[in-house]
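Data first, discussion second: the structure below is written as structure tokens.
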Number of protein chains: 2
Amino acid sequence: MGRWEPNARERLAKAALELYGERGYEQTTVAEIAKRAGLTERTFFRHYADKREVLFDGASALQELFVNAVADAPEAKAPIDAIAAGLEAVSAVFVGRRGYSRQRHAVVVANAVLQERELIKLASLSAALADALRRRGVPEPAASLTAEAGVAVFKIGFERWVGTAEERTMAQLTRESLAELKAVTAGG
Amino acid sequence: MGRWEPNARERLAKAALELYGERGYEQTTVAEIAKRAGLTERTFFRHYADKREVLFDGASALQELFVNAVADAPEAKAPIDAIAAGLEAVSAVFVGRRGYSRQRHAVVVANAVLQERELIKLASLSAALADALRRRGVPEPAASLTAEAGVAVFKIGFERWVGTAEERTMAQLTRESLAELKAVTAGG
DNA sequence: AGCGTCGATGACAGTCACTGACATCGACAG
DNA sequence: CTGTCGATGTCAGTGACTGTCATCGACGCT
């Protein structure tokens, strides 16, 4: 057994989400988070770059999953359909995590600075998707626009998923959102 | 004549943009900005909520212009065409401001925290556009998706405008980007 | 002219996010 | 038994941001 309790990083993330929910993000100090996790403030900053990042631990894994699914889609598929394949893959990882997703989402929407961080994560995702599409041979600006559209569908699909009482899967809702986007941009 | 030099707010914005460009955003302290503007740090925070906001003074006016153009578009127009009318109106205000836009954009893209602020301004714009579309009778999620698409077109059109050497207007570039988006989302 | 109010600013102390430097100490290899 | 390593603790420091009170010219009223 080590000198310290294991899973310091996870303990910090859990403590932070709890405290942000209980007292609010601004009313919570990093020292309090560290104390609840049985650590010190300095150690918090060794695990997370800042007070917001602690809520975004899974972001890079999600991005990787999305990008890989797009890259691995059949070559013959159109850009928007490769994105659709990525949306399917990403939707799958949310199965069974609706409670956690709701709790986390409630904290984020309540604080502008957390929304900012979420938005830049989505922008990073969009850039990575555009890159994956370019590697599939899609030219600009089509690659960036398709990526932006995909992220918009993901965002709105997710919001509908956490916001609805019905028991519909995130995959269903993203499929519907994509169909809707195609409808509103049709014609002209 | 007043007790102080006029246009304190504008002086602060000018000093901040200069210093962010000269030394970088992080290497600039608010006290330095205030000093260059002939004021104190405390006065800076009376004009701007934080160190980033000083670069986003025109954001609310731009949003208002965009939203009004969408609201005032002929009733018969489809949602995406109302958005297109808004894009035309917004593009017009950038005429003659390419140098300033480039300088400001260079500062923003060099700093993640400034990009975050820019992204939340765009998110606010998207929400306001969705609201305007809803008031035109557009249901959800079509309103939000069309708004997101419009913001994506604006963003990419703007980036192409500041990034290209050719003398093309922002209106031309946003028109092209919108056409491209329609093309990539077509079919399926 | 005298006077009271108001608004923009200055002065100052305080909190907290975040960083750099150094110390601690169990695990582990040799 | 000893030296290295890695995760943590300790502590001092910077800078963003806030609350509070003081200042003082402009302006309207009498």
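Below, chains carry the letters A, B, ... as their sequence lines are ordered, and counting in each starts from 1. Please read all numbers here as calculations on a predicted model, not as lab measurements.
Between B:Glu53 and B:Arg117, at least one side-chain N (NZ, or NE/NH1/NH2) sits under 4.0 Å from a carboxylate O, which counts as a salt bridge. Between B:Glu88 and B:Arg175 there is a salt bridge, since a side-chain N of the basic residue sits under 4.0 Å from a carboxylate O of the acidic one. A salt bridge is defined here as a Lys NZ or Arg NE, NH1 or NH2 lying under 4.0 Å from an Asp or Glu carboxylate O, and A:Glu176 with A:Arg160 meets this definition. Between A:Glu148 and B:Lys155 a salt bridge is recorded (basic side-chain N to carboxylate O distance below 4.0 Å). A salt bridge is absent between A:Asp57 and A:Lys14: the closest approach of a Lys/Arg side-chain nitrogen to an acidic carboxylate oxygen does not fall below 4.0 angstrom. Ion pairing of A:Glu75 with A:Arg136 is absent here, as no side-chain N (NZ or NE/NH1/NH2) approaches a carboxylate O to less than 4.0 Å. A salt bridge does not link A:Lys51 with A:Glu26: none of the charged nitrogens is closer than 4.0 Å to a carboxylate oxygen. Salt bridge annotation for B:Glu116-A:Arg52: present, with a cationic side-chain nitrogen under 4.0 angstrom from a carboxylate oxygen.
For the pair B:Thr43 (side chain) and B:Leu39 (backbone), a donor-acceptor distance under 3.5 Å is absent.
DNA chain C lies under 4.0 Å from no heavy atom of any residue of residues 109-117 of chain B.
One interatomic measurement links the two molecules: NZ of B:Lys35 to C1' of C:dG10, which rounds to 16 Å at whole-angstrom precision. In this structure, the CD atom of A:Gln27 is 11 Å from the P atom of C:dC16, given to the nearest Å. In this structure, A:Tyr20 atom OH and C:dA17 atom C1' are separated by 11 Å, rounded to whole Å.
Here B:Phe44 pairs with B:Tyr48 under the ring pair (Phe, Tyr, Trp, His ring centres under 6.0 Å) rule; sequence neighbours left out. Residues satisfying the ring pair (Phe, Tyr, Trp, His ring centres under 6.0 Å) test with A:Tyr20, not counting sequence neighbours, are A:Tyr25.
A tilted orientation is assigned to the rings of B:Phe154 and B:Phe94, their planes being inclined by 30° to 60°.
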Next on the checklist: Walk along nucleotides 8-19 of chain D from 5' to 3' and tag each nucleotide B, S or - by protein heavy-atom contact under 4.0 Å, base first, then sugar-phosphate.
Outcome noted: BBBB----SBBB

Would you tabulate the pairs of protein nitrogen or oxygen atoms and nucleotide nitrogen or oxygen atoms of nucleotides 27-29 of chain D closer than 3.5 angstrom?
none

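The closest side-chain heavy-atom distance from A:Leu19 to A:Glu22 is below 4.5 Å.
Recorded end-axis angle for the helix from C:dA1-D:dT30 to C:dG30-D:dC1 stands at 0°, based on five pairs per end and rounded to 10 degrees.
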